[in-house]
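See structure below.
Proteins get letters first, then strands, A, B, ... in listed order; numbering begins at 1 in each.
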2 protein chains.
Amino acid sequence: MKSPSQPRDRGIPDATVARLPLYLRALHGMAERAIATVSSEDLAMAAGVNSAKLRKDLSHLGSYGTRGVGYDVEYLVYQISRELGLTQDWAVAIVGVGNLGRALANYGGFVSRGFRVAALVDADPEVVGDDIAGLNVEHIDELEAVIKRRGVSIVVLATPAAAAQEVCDRVVAVGVTSILNFAPVVLSVPDGVDVRKVDLSIELQILAFHEQRKAGGPLMAVDSQ
Amino acid sequence: MKSPSQPRDRGIPDATVARLPLYLRALHGMAERAIATVSSEDLAMAAGVNSAKLRKDLSHLGSYGTRGVGYDVEYLVYQISRELGLTQDWAVAIVGVGNLGRALANYGGFVSRGFRVAALVDADPEVVGDDIAGLNVEHIDELEAVIKRRGVSIVVLATPAAAAQEVCDRVVAVGVTSILNFAPVVLSVPDGVDVRKVDLSIELQILAFHEQRKAGGPLMAVDSQ
DNA sequence: ATCCCTTTGTGAACCGACGCACAAAGTCAG
DNA sequence: CTGACTTTGTGCGTCGGTTCACAAAGGGAT
């Protein structure tokens, strides 16, 4: 079709990586609506970013656009998916099957993106053995065995804060290097292990800050005493 | 107690605001363990950040430390809480009571930080009327009425993607200016409305990217870092 | 084949955030 | 009261990311 764009510079900026899933989502929507080609302007609009930023982001992957035309939707979906590693199947284990763990287990957004919930683990004898989202909840004592047996490479921590570090240490010890942490604690991990954290309460606090400023901003100097 | 702390600069960097909840959490832990005073070094350690960054962050709020000693834990908790607006009570409505909405409704981390789940709303007649976390689920037709009646100022969207924009428009129309969006869509809102988004699938995709790179590392020329 | 129009890919200026390193400020012992 | 020691608050160099603006590249019409 065109000159073989090489596998590209492996040094993709973090900020770009964080946006690729956004573009991918927008592109999936377009593919569903049978849109064959899209301009950086339109795609940027759909993803809620600046078009120059989008073009620069995509340029990190290679030269996949056609000047005067835009980007081929299908082709771009494939390239981004490959770059993100979504063309392979990732086995995910969820540790902690409380309210949140349960919700995550049932969340459809994972499966549709190449992620497969391969195991549920909990410490509470009350839930161990239960069937959730078609999976049997296994005991925390089996943690290491389950991870190895199922080929789990990404662990989602949905445990209480107090248990998170210990579970983290154990999964790292058996070779897991990617962790998504929902527990409200700062995990300490060795170099080479990636931890991403999602803290619902923090998001609300940030909103509250801005809300407060909006409410008090116009007139009040906000009672500093 | 000490020199009058001036009304701090109203222009606190976003990056700083995003970290304040982190410091606050660490400080709460210390207060529980009856630690009266903490140095920037120790607090930074507990929060997982650089100590110079922490000092600079805190300096945006005012001069609340004592040279040679550190920061008074209680005092700092109060100052950060006030800055974030956590000294007041925020009424939160959760729209969409599926797996995720339910988990959020039961999540304890909200209440403990000055947030109060004041309403649950859903469109499914099957769940409307149910009692969840001590709250009655109300019908989406009542959305505007409920928001006004309960004084809701922050809305959490846990609806399916397809419904999110419409709900968003409606809550914005009745004056809500702070939204926490869990639906995998880019919301468009007028100026002055803050939207923060949490997308679980995006976090996993970012992890997958790094994991893939690590996996390919030993053989491929990846450790260019 | 040539010209015009569209859109990409990127050079370069700008902006904010990070972290080092240090002077200023305060404590505490004697 | 003085001097040694600790820790804050910040000036400044650096770096990564964002945005503008435009030359280069390709398509399509005539």
Side-chain angles (χ1 to χ4, degrees), chain A residues 1-6 8-20 22-23 27 30 35-73 75-76 79-80 83 206, chain B residues 1-20 22-23 27 30 35-73 75-76 79-80 83 206 210 224-225:
Chain A
M1 184 183 242
K2 56 184 58 176
S3 59
S5 29
Q6 53 192 337
R8 233 358 174 155
D9 187 351
R10 289 282 111 185
I12 300 179
D14 285 348
T16 294
V17 173
R19 281 186 296 265
L20 290 180
L22 221 56
Y23 304 151
L27 287 165
M30 290 170 176
I35 297 173
T37 278
V38 66
S39 70
S40 65
E41 195 66 48
D42 290 350
L43 182 52
M45 180 80 65
V49 304
N50 177 297
S51 73
K53 180 152 60 179
L54 179 134
R55 287 197 298 278
K56 190 155 285 189
D57 283 344
L58 294 185
S59 77
H60 287 293
L61 313 189
S63 212
Y64 296 144
T66 305
R67 294 173 192 234
V69 176
Y71 300 89
D72 182 277
V73 173
Y75 188 58
L76 198 50
Q79 291 300 343
I80 295 180
E83 196 64 50
I206 295 171
Chain B
M1 189 187 221
K2 53 184 57 179
S3 57
S5 35
Q6 64 210 26
R8 54 250 91 85
D9 188 348
R10 288 282 106 188
I12 299 179
D14 286 348
T16 294
V17 173
R19 281 188 295 266
L20 290 181
L22 222 57
Y23 305 151
L27 287 166
M30 290 171 176
I35 297 173
T37 278
V38 66
S39 70
S40 65
E41 195 65 49
D42 290 350
L43 182 52
M45 180 81 63
V49 304
N50 177 295
S51 72
K53 180 154 58 179
L54 179 136
R55 287 196 298 277
K56 192 160 286 185
D57 282 344
L58 294 185
S59 76
H60 288 293
L61 314 190
S63 211
Y64 295 145
T66 305
R67 296 177 190 228
V69 176
Y71 299 89
D72 182 278
V73 173
Y75 188 58
L76 198 51
Q79 291 299 343
I80 295 180
E83 195 64 49
I206 295 171
H210 293 292
S224 48
Q225 197 212 125

Discussion item. Distance criterion of 3.5 Å, no angle test: do you see the side chain of A:K56 paired donor-to-acceptor with the base of C:dG9?
Written reply: no
Fill in: Nearest-0.5 Å distance, CG of residue B:N50 to CZ of residue B:R55
8.0 Å
Item to complete: Provide, to the nearest angstrom, the distance between the CG atom belonging to B:D57 and the C1' atom belonging to C:dG19.
Response: 12 Å
Discussion item. Can you tell me how far apart NZ (B:K56) and CZ (B:R19) are? Round to the nearest 0.5 Å.
Written reply: 11.0 Å
Worksheet item: Rounded to the nearest 0.5 Å, how far apart are CG of B:L76 and CG of B:L61?
Response: 7.5 Å
Worksheet, complete the sentence: Counting primed atoms, P, OP1 and OP2 as sugar-phosphate and everything else as base, the B/S/- map of nucleotides 21-30 of chain D against protein heavy atoms under 4.0 Å is B--BBSS---
Worksheet item: Got B:D42 and B:I35 here, is their nearest side-chain heavy-atom distance under 4.5 Å?
Response: no
Worksheet, complete the sentence: note: A:L58, atom CG; C:dG9, atom C1'; distance rounded to Å ~ 11 Å
Practice prompt. Report the distance from atom NZ of A:K53 to atom C1' of C:dC14, rounded to the nearest whole Å.
Written response: 14 Å
Worksheet entry | D:dG17 OP1/OP2 closer than 4.0 Å to side-chain N/O of A:N50 | no
Practice prompt. With rounding to the nearest 0.5 Å, note down the distance linking OG in A:S40 to NZ in A:K53.
Written response: 13.5 Å
Worksheet item: Does B:S40 put a side-chain nitrogen or oxygen below 4.0 Å from OP1 or OP2 of D:dT7?
Response: no
Worksheet item: Looking at the side chain of B:S39, which of C:dG9, D:dT7, D:dT10 is the nearest nucleotide?
Response: D:dT7
Worksheet item: In Å, rounded to the nearest 0.5 Å, how long is the span from OH of A:Y23 to CG of A:D57?
Response: 3.5 Å
